[in-house]
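Every chain is numbered from 1, with letters handed out A, B, ... down the list of sequences. For the numbers below, each heavy atom of this structure counts, side chains included, while hydrogens, waters and symmetry mates do not.
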Protein chains: 2
Amino acid sequence: MEIPVNALLLDRETKASERPGDHKDELRLWLRLLTCSTLIESEIRTRLREEFKTTLPRFDLMAQLEKSTTGMTVGEVSQRLMVSNGNVTAVVAGLLADGLVDKRPAAQDRRVQVLTLTAQGRRAFKAMAERHEDWIAELFAGLEPAETAQLFHLLGRTKASLHNAIGRRQSGTPDSAGDQT
Amino acid sequence: MEIPVNALLLDRETKASERPGDHKDELRLWLRLLTCSTLIESEIRTRLREEFKTTLPRFDLMAQLEKSTTGMTVGEVSQRLMVSNGNVTAVVAGLLADGLVDKRPAAQDRRVQVLTLTAQGRRAFKAMAERHEDWIAELFAGLEPAETAQLFHLLGRTKASLHNAIGRRQSGTPDSAGDQT
DNA sequence: GAAAATTATTTCAGACCTAAAATAACTCGG
DNA sequence: CCGAGTTATTTTAGGTCTGAAATAATTTTC
């Protein structure tokens with residue numbers, strides 16, 4: 001894993017600009033990443049609204065619950081989706097009102113609220129998930145398989161860099177093979 | 001640019017799964033892209049709040065204005081940031097109240113509102129932009145230069161794929177060399 | 001075993017964001 | 001010139017999201 005300091009310096013020197021505090025390349029990279037993310041997100045948002053009269057946060061929350069057979073707590077969902085607890089509470093309120101989700105205190109620990117999809121919720125999600133998967137494939141259709149694989153790999157490296165820079169506070173979530181995050 | 005159909009079919013067949021409508025790879029790619037985007041965004045959001053008592057939308061809006069010497073209209077900013085007009089109106093209202101932005105109807109067309117940074121706004125932005133650039137570099141520090149270049153390239157390809165799938169409605173914004181989007 | 005600390009969730013205030021409707025200003029054909 | 005259509009922005013209603021404070025339940029510590 002060790003890279004000689006000389007190699008790093010050489011790499012630095014091969015960069016276009018030589019100004020000392022120049023990080024324009026990383027900035028451009030971030031802006032492009034953000035653009036891609038925003039484009040996909042808003043397209044999915046539009047299609048969910050038009051085709052299923054629902055929203056992305058609701059869909060994402062249901063997707064988490066669908067993956068768990070035993071249900072999830074508010075805190076678990078909040079961590080998975082990387083949103084605040086209060087936000088989960090609010091989105092769940094909407095899903096409860098629509099009868100798509102069930103919420104009940106855990107037997108052992110009455111602080112904990114266990115969330116599960118209702119039968120209706122599972123049906124509704126299944127229909128949406130199928131379409132959603134197609135939409136995503138359609139959006140990435142311009143990339144060849146080797147490119148998507150390479151991109152996936154580099155984003156994994158990016159994720160590791162981010163966790164390293166931010167601090168491994170929530171280090172209980174390694175990027176395991178089956179992990180879709 | 002033409003790729004023989006046979007080559008594509010072969011590529012398809014090399015994939016792990018052979019189920020007909022399987023697009024799990026693209027889904028995983030999207031989720032990982034979203035994770036990276038969310039991690040960066042919320043870290044920058046936190047730092048902007050803690051260090052400058054401001055928000056990301058305000059910073060992004062100011063960044064757009066700073067790049068333009070003659071000012072920008074509400075519509076232009078809205079297109080650049082990929083947010084609704086109404087949202088720009090609201091964020092600008094905050095910046096106006098803080099004396100960071102100036103808004104005035106255009107001389108020729110009084111429907112149009114021209115936005116510019118005030119002197120105070122430029123000062124404030126300059127201080128933030130410097131730190132912001134460092135933060136981004138710090139977050140990507142785990143990638144080697146060759147990797148950031150490769151990632152930048154692949155995200156460019158992704159962007160093209162997205163525009164192609166979504167429809168080139170706003171085709172007036174090509175991904176030119178100096179374009180930071 | 002009860003006070004203190006911790007943990008899980010909700011509430012709150014405030015900012016963001018959207019889509020759609022409303023408003024205001026411009027252009028253009030007749 | 002004048003009304004129909006277009007364009008730029010604002011307003012509105014409603015959902016999303018946050019951080020911090022409040023509430024409630026559990027665990028720890030003495």
Side-chain angles (χ1 to χ4, degrees), chain A residues 34 37-39 41-50 52-62 71-98 100-101 103-115 169-170 172, chain B residues 34 37-39 41-50 52-62 71-98 101 103-115 170 172:
Chain A
L34 181 59
S37 187
T38 303
L39 282 173
E41 216 179 292
S42 68
E43 184 65 16
I44 297 301
R45 218 178 271 277
T46 299
R47 295 190 187 191
L48 280 175
R49 188 183 58 253
E50 291 181 349
F52 296 104
K53 306 205 183 313
T54 190
T55 65
L56 189 50
R58 276 168 156 80
F59 176 80
D60 287 343
L61 182 21
M62 292 177 76
M72 293 176 80
T73 71
V74 170
E76 283 167 352
V77 172
S78 147
Q79 258 193 312
R80 283 303 236 154
L81 298 180
M82 296 192 276
V83 299
S84 67
N85 282 346
N87 185 29
V88 172
T89 298
V91 174
V92 164
L95 293 170
L96 279 172
D98 292 350
L100 300 168
V101 158
K103 174 169 102 170
R104 56 187 58 184
Q108 315 84 349
D109 186 340
R110 293 205 312 287
R111 289 172 303 181
V112 172
Q113 298 288 335
V114 178
L115 307 171
R169 302 190 251 283
Q170 64 285 2
Chain B
L34 181 59
S37 187
T38 303
L39 282 174
E41 217 178 292
S42 68
E43 184 65 15
I44 297 301
R45 219 178 271 276
T46 299
R47 296 190 186 192
L48 279 176
R49 187 183 58 252
E50 292 181 349
F52 296 105
K53 304 201 184 317
T54 189
T55 65
L56 189 51
R58 275 168 155 82
F59 176 79
D60 287 343
L61 182 20
M62 292 176 77
M72 292 175 80
T73 71
V74 170
E76 283 166 353
V77 172
S78 147
Q79 259 195 311
R80 282 303 235 155
L81 296 181
M82 296 191 276
V83 298
S84 67
N85 281 346
N87 185 30
V88 172
T89 297
V91 174
V92 163
L95 292 170
L96 279 172
D98 292 350
V101 158
K103 175 169 103 169
R104 57 186 58 184
Q108 314 84 348
D109 186 341
R110 293 202 314 285
R111 289 172 305 181
V112 171
Q113 297 287 337
V114 178
L115 306 171
Q170 63 284 3

field: Test side chain to side chain contact (heavy atoms under 4.5 Å, CB included) applied to B:Met82 and A:Leu39, step by step
entry: CA-CA 8 Å; B:Met82 296 191 276; A:Leu39 282 173; 3.9 Å; yes

query: What is the distance from CD of B:Glu43 to P of D:dG19, rounded to the nearest Å?
result: 11 Å

query: Is the distance from OP1 or OP2 of D:dT11 to the nearest side-chain N or O of B:Thr89 less than 4.0 Å?
result: no

- prompt: What are the two closest non-hydrogen atoms of A:Val83 and A:Val88, and how far apart are they?
  reply: CG2-CG2, 3.8 Å

- line: Sorted by chain and number, sequence neighbours left out, salt bridge (charged side-chain N to carboxylate O under 4.0 Å, His left out) with B:Arg47 holds for B:Glu43, B:Glu138

field: 5' precedence on DNA chain C between A:Gly86 and B:Arg58 (nearest-nucleotide basis)
entry: A:Gly86

statement: A:Lys53 NZ to D:dG14 P, in whole Å, measures 17 Å

task: Using a heavy-atom cut-off of under 4.0 Å over every strand shown, decide if A:Ser84 touches base, sugar-phosphate, or nothing.
output: base

message: Whole angstroms only, please: what is the CD-C1' distance between A:Glu41 and C:dC17?
response: 11 Å

- request: For the side chain of B:Thr46, starting at C-beta, report the closest nucleotide among C:dC16, D:dG19, C:dT10.
  value: D:dG19

- request: Specify the separation, in whole Å, of atom CD of B:Gln79 and atom C1' of D:dA8.
  value: 12 Å

- prompt: B:Thr73 has a side chain; which of D:dT9, C:dC16, D:dG15 sits nearest to it?
  reply: D:dT9

field: Residues in side-chain contact (heavy atoms from CB on, under 4.5 Å) contact with A:Thr54, at least two apart in sequence or another chain
entry: A:Leu48, A:Phe52, A:Arg58, A:Met128

Could I get a table of every N or O pair under 3.5 Å where one atom is in the protein and the other is in nucleotides 24-28 of chain C?
| residue | atom | partner | partner atom | Å |
| --- | --- | --- | --- | --- |
| C:dC26 | OP1 | B:Arg110 | N | 2.8 |

- request: Please examine the side chains of B:Val77 and B:Leu115, heavy atoms only from C-beta on, and report whether any two atoms are closer than 4.5 Å.
  value: yes

field: Test side chain to side chain contact (heavy atoms under 4.5 Å, CB included) applied to A:Leu56 and A:Ile44, A:Thr46, A:Leu61, the passing residue
entry: A:Ile44

field: Whole-Å gap separating C1' (C:dT18) and CG (B:Leu81)
entry: 15 Å

statement: With the side chain defined as heavy atoms from C-beta on, B:Asn85 is closest, among D:dT10, C:dT9, C:dC17, to D:dT10

message: Using whole Å, what does the distance between atom P of nucleotide D:dG14 and atom CG of A:Leu56 come to?
response: 21 Å

- request: Verify the contact: side-chain N or O of A:Lys103 to OP1 or OP2 of C:dT10, cut-off strictly under 4.0 Å; return yes or no.
  value: yes

query: Between atom CG in A:Leu96 and atom C1' in C:dT10, what is the gap in whole Å?
result: 13 Å

- line: side chain to side chain donor-acceptor pair (under 3.5 Å) test vs A:Ser78 passes for just one of A:Thr89, A:Thr73, A:Asn85, namely A:Asn85

query: Among D:dG15, D:dC17, D:dT9, which is the nearest nucleotide to the side chain of A:Pro57?
result: D:dC17

- prompt: At under 4.0 Å, does any side-chain N or O of B:Arg49 touch on OP1 or OP2 of D:dG19?
  reply: yes

message: C:dT9, OP1 or OP2 - any side-chain N/O from A:Ser78 closer than 4.0 Å?
response: no

query: Just how far, in rounded Å, is C1' of C:dC17 from CG of A:Asn87?
result: 13 Å

query: Quick one: do B:Glu41 and B:Arg45 make a salt bridge, cutoff under 4.0 Å?
result: yes

